[in-house]
Amino acid sequence: MPLLAAALVFGVVLSKEYRHAGYLSFAMDDAWIHAAVAHNLAQGLGFSINPHQPISCSTSPAWTVSLALFYLLTGGHIVPAALILSLFCTLGASMLVFAFLRNAGTGKVLALLGSLVMLLEPISLWGMASGMEIPMVNLVVIAVFWYWYRVPDPANGAQPAVIAALLFWAAMTRPELLILFPLCLLAMTAVTLRKTPDTWWKAPGLLTLVFCALLLPYAIFNLSTTGHIVPATFYAKTCLRHVGLLEAIRSRNLQRVGTILQWGPQKEIRAIARSFLDHNIILAFFVPVGLVAMARLFPKKSFTRPRDVLLPATLILLPIAMGILTPSSKYSNYAHRYYAPFITMVAVTGVLGINFFLNSINAPAVRRTAGSVIVALALLLPLEYFQRTVKLLIHDVINTKALYVEMGKWIAKNIPPGQTVAVNDIGGVAYFCKHPILDIMGLASPEIWESLSHARTPHEKAEAIYRYICRAGIRYLAISPRYYPSLAHDRKRLEPIQKFTARYPVRRLIAPQIVYRVGCNTHRQSE
């Protein structure tokens, strides 16, 4: 049943997209970043945007590498490759949510409810056909918890090594999920201290050793390509934008450190809670009940209490960590995609809360009636968002093609081969034009970091970008004028030569996109 439900929902989303758009494609330019890197990786050109220039420019290396494999399996068809990979992840996540809830003692109806609310969550619906890593996030999060709670003893034999591999997969799917490692390590240490105090260190040691061994090549890759052990994406999104605790500490701004620690977690928790309350208030209402229920449900299945805290601790601590280190409000959070790590956790915890509440009702007739009403409401509320979400997805697919796909193809035909193009959004341009790319945001071009590091205001950033591209001799720049109005409206420095427009249901800074010819004479004279 959960596999059938997942296949049905996935099929309906794709059929609606194809019927209204006339084709299947990706819903945002970031998906084309994955596609460009996957193409280069599959062709032996390195993990890169520009061939043979390796850089950790993907926020989800696990998704990108998997996409490269499916790209080869589908004979070089990137959109089908992404959709097939997305389907497999969606099927797997639906099945594991069902299995997790059955293992926790719920009936089949509530277990199926968990799969359905996960599938119908608007972030999941949008992510299914977006080309982004959201389906894999759903899969890996529930895979970690399913395995952790399923095995009789996670600290026995080779279990810590398996768990370490799952944690590595999670960290490579979304960087926020790195928090699972210290939480698992603490929980496993607590378990072994109670069971085998003389050899308590063996299982946590094996977990740490395997996880670090798997993560080490990625850290070395980052260090060798950017000089930092963190990915280029993390450095560009935090340090260059002056966001988060680490940048505040690096800049020795103690006032910002205090502000971030005080207000960052509060803002993040409120934003995440508001999103899930809006999408399914019935399910979200039972999440706190589920957090309490876990301590009483799992011991009946011979689970030990230190293990039980892993899911509640992750659900509580992850928003706090995000608010401190990488607040989602500072990034483009369109369709709330940065909240994807919470989808399966909210689904299973909410259903566990419903199960706990129904089991507390002694009268069978009342319990059945209450269960029917709650299940119906928990399904009807997300169905209200279904059409709205699919319509949003279709708009995004059409607009992404109009802005980025068409711009990449136009550049390929109209700008001389070999000419470097400076761009603000690198995905579609990199995939289709095959010109050398300079990423002025710094995600894929660490060479621009020094120029951007001292820019505090949008105007300073625009001026730093202009000075850099002039020094580098770059003659073409593709940006949205809304990002850099002071620069884009200066006809002495930028001459618009082609414009690409789109109509989004809400105002977005990315539209329109304009290709400019760069004139540097005024700048050079002023220098």
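Numbering starts at 1 and runs along the sequence shown. These numbers were taken from a predicted model, which means no experiment stands behind them.
Rounded to the nearest 0.5 angstrom, I55 CD1 and N222 CG are separated by 8.0 Å. Rounded to the nearest 0.5 Å, atoms CG (D490) and CG (L494) are 7.0 Å apart. To the nearest 0.5 Å, atoms CZ (R274) and CG (L277) are separated by 9.5 Å. In this structure, the separation between CD1 on I123 and CD1 on I134 is 7.0 Å, given to the nearest 0.5 Å. For the atom pair CD1 (I426) and CE (M441), the distance works out to 10.0 Å, reported to the nearest 0.5 Å. To the nearest 0.5 angstrom, L167 atom CG is 6.0 Å from L180 atom CG.
At least one donor-acceptor pair under 3.5 Å links the side chain of T106 to the backbone N or O of L101. Of the possible polar contacts, none joining the T400 side chain to the V397 backbone as a donor-acceptor pair under 3.5 Å is found. For N399 (side chain) and H395 (main-chain N/O), a donor-acceptor pair under 3.5 Å exists by modelled atom type. The main-chain N or O of A271 is never found under 3.5 Å from a side-chain atom of S275 such that the two would form a donor-acceptor pair. Counting only distance, with no hydrogens or angles, the side chain of T238 and the backbone of F234 share a donor-acceptor pair below 3.5 Å. Proximity of a side-chain donor or acceptor of R482 to a complementary backbone N or O of I510 within less than 3.5 Å is not detected. Checking side-chain atoms of N280 against main-chain N and O of P382 turns up no donor-acceptor pair under 3.5 Å. N253 places no side-chain N or O within donor-acceptor distance of the main-chain N or O of I249, the cut-off being under 3.5 Å. Checked by atom type and distance alone, the side chain of E384 never pairs as donor or acceptor with a backbone atom of L380 at under 3.5 Å. With hydrogens and angles ignored, the 3.5 Å screen pairs a side-chain donor or acceptor of E17 with a backbone N or O of S25.
Here the side chains of M188 and I163 are in contact, with some heavy-atom distance below 4.5 Å. Two residues are said to be in side-chain contact when any heavy atoms from C-beta on lie closer than 4.5 Å; P446 and T225 fail this criterion. Contact of the F168 side chain with the L215 side chain is registered, since non-hydrogen atoms from C-beta on lie closer than 4.5 Å. At least one side-chain heavy atom of W449 sits less than 4.5 Å from a side-chain heavy atom of T226. Within the 4.5 Å cutoff, side-chain heavy atoms of P265 are placed close to those of I324. Residues M345 and I142 form no side-chain contact, since every pair of their non-hydrogen atoms from C-beta on lies 4.5 Å or further apart. Using a 4.5 Å heavy-atom cutoff, the side chains of I260 and R256 are in contact. Side-chain contact between E268 and W263 is absent, with no heavy-atom pair separated by less than 4.5 Å.
Inspection of the T326 and E176 side chains reveals no N or O donor paired with an N or O acceptor under 3.5 Å. R471 and S451 share a side-chain donor-acceptor pair at under 3.5 Å. In summary, the side chains of Y404 and D425 do present a donor paired with an acceptor at a separation below 3.5 Å, with no hydrogens or angles considered.
Cation-pi geometry between R388 and Y385 is satisfied (NZ or CZ under 6.0 Å from the ring centre, within 45° of the ring normal). The cationic group of R493 lies under 6.0 Å from the six-membered ring centre of Y466 and within 45° of the ring axis, placing it in a cation-pi geometry.
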*What do the steps show when you test N424 against Y484 for side chain to side chain donor-acceptor pair (under 3.5 Å), and what is the final call?*
CA-CA 10 Å; N424 193 94; Y484 313 102; 2.5 Å; yes
*Given side-chain contact (heavy atoms from CB on, under 4.5 Å), test S94 with M118 step by step and report yes or no.*
CA-CA 7 Å; S94 181; M118 183 273 294; 4.1 Å; yes
*asked:* With side-chain contact (heavy atoms from CB on, under 4.5 Å) as the criterion, how do S480 and Y483 come out once you've worked through the C-alpha distance, each side chain's angles and the decisive distance to 0.1 Å?
replied: CA-CA 6 Å; S480 167; Y483 274 139; 3.9 Å; yes
*Decide yes or no on side-chain contact (heavy atoms from CB on, under 4.5 Å) for R337 and M28, but give the supporting numbers first.*
CA-CA 11 Å; R337 62 190 182 93; M28 65 185 310; 3.5 Å; yes
*Steps toward ring-ring contact (aromatic ring centres under 6.0 Å, His included) verdict (F100, F145)*: CA-CA 8 Å; F100 179 95; F145 292 118; 7.2 Å; no
*Between W63 and S58, is a side-chain contact (heavy atoms from CB on, under 4.5 Å) present by the stated rule, with each step listed?*
CA-CA 9 Å; W63 176 261; S58 168; over 6 Å; no
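A tilted orientation is assigned to the rings of Y339 and F276, their planes being inclined by 30° to 60°. Using cut-offs of 30° and 60° on the angle between ring planes, the pair Y431 and W32 is tilted.
Counted within 6.0 Å of CG on L193, heavy atoms from surrounding residues, nucleotides or ligands total more than 12; the atom is thus considered enclosed. Heavy atoms of other residues, nucleotides or ligands lying less than 6.0 angstrom from CD1 of I229 number 12 at most. Open room surrounds CD on Q255; 12 or fewer heavy atoms of other groups in view lie less than 6.0 Å from it.
The nearest pair of heavy atoms linking I440 to I465 is CG2-CG2, 3.8 Å. Between A27 and D396 the shortest heavy-atom distance is O-CB, 3.2 Å. For the pair L403 and A502, the tightest heavy-atom approach, listed with the atom from each and the gap, is CG-CB, 3.8 Å. Between G114 and A347 the shortest heavy-atom distance is O-CB, 3.8 Å. Closest non-hydrogen pair, A36 versus I49, comes out as CB-CD1, 4.0 Å. Closest heavy-atom contact between P319 and L315: CD-O, 3.2 Å.
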